[in-house]
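To start, the structure under review is shown below, and the notes come after it.
Sequence positions, counted from 1, serve as the residue numbers for this chain.
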Amino acid sequence: MNKTIYKRKTSSTIPFGYKQSEDMDGFMEPIPEQLSALEETKEHIKIGALSLRGAAEQLHYKTGRSISAVGLKKIVDKERKKSLLAKQI
């Protein structure tokens with residue numbers, strides 16, 4: 001049984017890798033293909049293989065959904081901050 005994990009919608013913007021849920025009002029459901037492409041792209045950014053702008057273009061090409069370089073930077077920075085906080089604990 002494949003169980004979808006919904007995420008509560010907290011703003012008017014739907015984040016990359018999610019879509020408005022058709023089943024549950026006020027929630028978003030993940031798009032596995034986009035989330036997988038995002039994870040792969042974040043790894044390429046971390047090792048320096050892709051610039052933010054190049055990574056945003058690659059994500060658009062792979063998924064058909066656009067994301068700005070600034071939006072991608074926010075996602076990468078948020079993850080870095082989480083990993084640094086986890087190391088301190």
Side-chain angles (χ1 to χ4, degrees):
M1 184 172 145
N2 190 5
K3 194 171 186 178
T4 302
I5 298 174
Y6 292 91
K7 195 174 180 182
R8 183 172 295 280
K9 187 176 173 189
T10 58
S11 74
S12 62
T13 305
I14 306 289
F16 189 88
Y18 290 88
K19 65 180 180 179
Q20 180 72 41
S21 174
E22 296 171 2
D23 302 331
M24 298 177 68
D25 193 35
F27 284 83
M28 303 174 293
E29 59 184 273
I31 304 170
E33 299 81 21
Q34 288 183 8
L35 291 173
S36 173
L38 180 60
E39 287 302 317
E40 182 182 327
T41 302
K42 284 193 292 189
E43 290 303 316
H44 289 286
I45 293 169
K46 287 178 189 174
I47 63 172
L50 282 174
S51 67
L52 287 167
R53 189 159 313 280
E57 289 174 8
Q58 181 180 355
L59 276 173
H60 183 253
Y61 177 77
K62 280 184 171 181
T63 65
R65 186 167 176 184
S66 57
I67 185 170
S68 68
V70 174
L72 188 54
K73 181 179 182 340
K74 286 181 181 181
I75 292 170
V76 171
D77 287 348
K78 186 176 181 181
E79 187 174 290
R80 273 192 195 134
K81 185 177 179 181
K82 280 184 183 178
S83 68
L84 288 175
L85 289 173
K87 287 180 183 178
Q88 290 178 352
I89 294 176

Euclidean distance, [Y] [atom2] relative to [X] [atom1], rounded to 0.5 Å:
{"X": "Gln58", "Y": "Thr41", "atom1": "CD", "atom2": "OG1", "value": "4.5 Å"}
{"X": "Arg80", "Y": "Lys78", "atom1": "CZ", "atom2": "NZ", "value": "15.0 Å"}
{"X": "Gln20", "Y": "Met28", "atom1": "CD", "atom2": "CE", "value": "8.0 Å"}
{"X": "Thr63", "Y": "Ile31", "atom1": "OG1", "atom2": "CD1", "value": "8.5 Å"}
{"X": "Leu59", "Y": "Glu40", "atom1": "CG", "atom2": "CD", "value": "9.0 Å"}

Check whether more than 12 heavy atoms from other residues, nucleotides or ligands sit under 6.0 Å from atom [atom1] of [X], and answer yes or no.
{"X": "Lys74", "atom1": "NZ", "value": "no"}
{"X": "Asp77", "atom1": "CG", "value": "yes"}
{"X": "Lys62", "atom1": "NZ", "value": "yes"}

Note to self: When you measure from the side chain of Ser36 to the backbone of Pro32, do you find a donor-acceptor pair of N or O atoms at a distance under 3.5 Å?
What the structure shows: no
Looking at every heavy atom in both [X] and [Y], which two are closest together, and how far apart are they?
{"X": "Thr13", "Y": "Pro15", "value": "O-CD, 3.6 Å"}
{"X": "Ala69", "Y": "Ala56", "value": "N-CB, 4.0 Å"}
{"X": "Gln34", "Y": "Tyr18", "value": "OE1-N, 4.2 Å"}

- Message: Is there a side-chain contact between Ile14 and Lys9 in this structure, where contact means two heavy atoms from C-beta onward sitting under 4.5 Å apart?
- Response: yes
**Request:** Please examine the side chains of Glu57 and His60, heavy atoms only from C-beta on, and report whether any two atoms are closer than 4.5 Å.
**Result:** no
Can you hop from Ile45 to Ile67 via hydrophobic side chains spaced under 4.5 Å? yes
Assigning hydrophobic clusters by single linkage (Ile, Leu, Val, Met, Phe, Trp, Tyr; side-chain heavy-atom cutoff under 4.5 Å), is Leu72 placed with Leu35?
no
Practice task
State plainly whether the residues Lys82 and Glu79 are in salt-bridge range, i.e. N to O under 4.0 Å.
Solution key: no
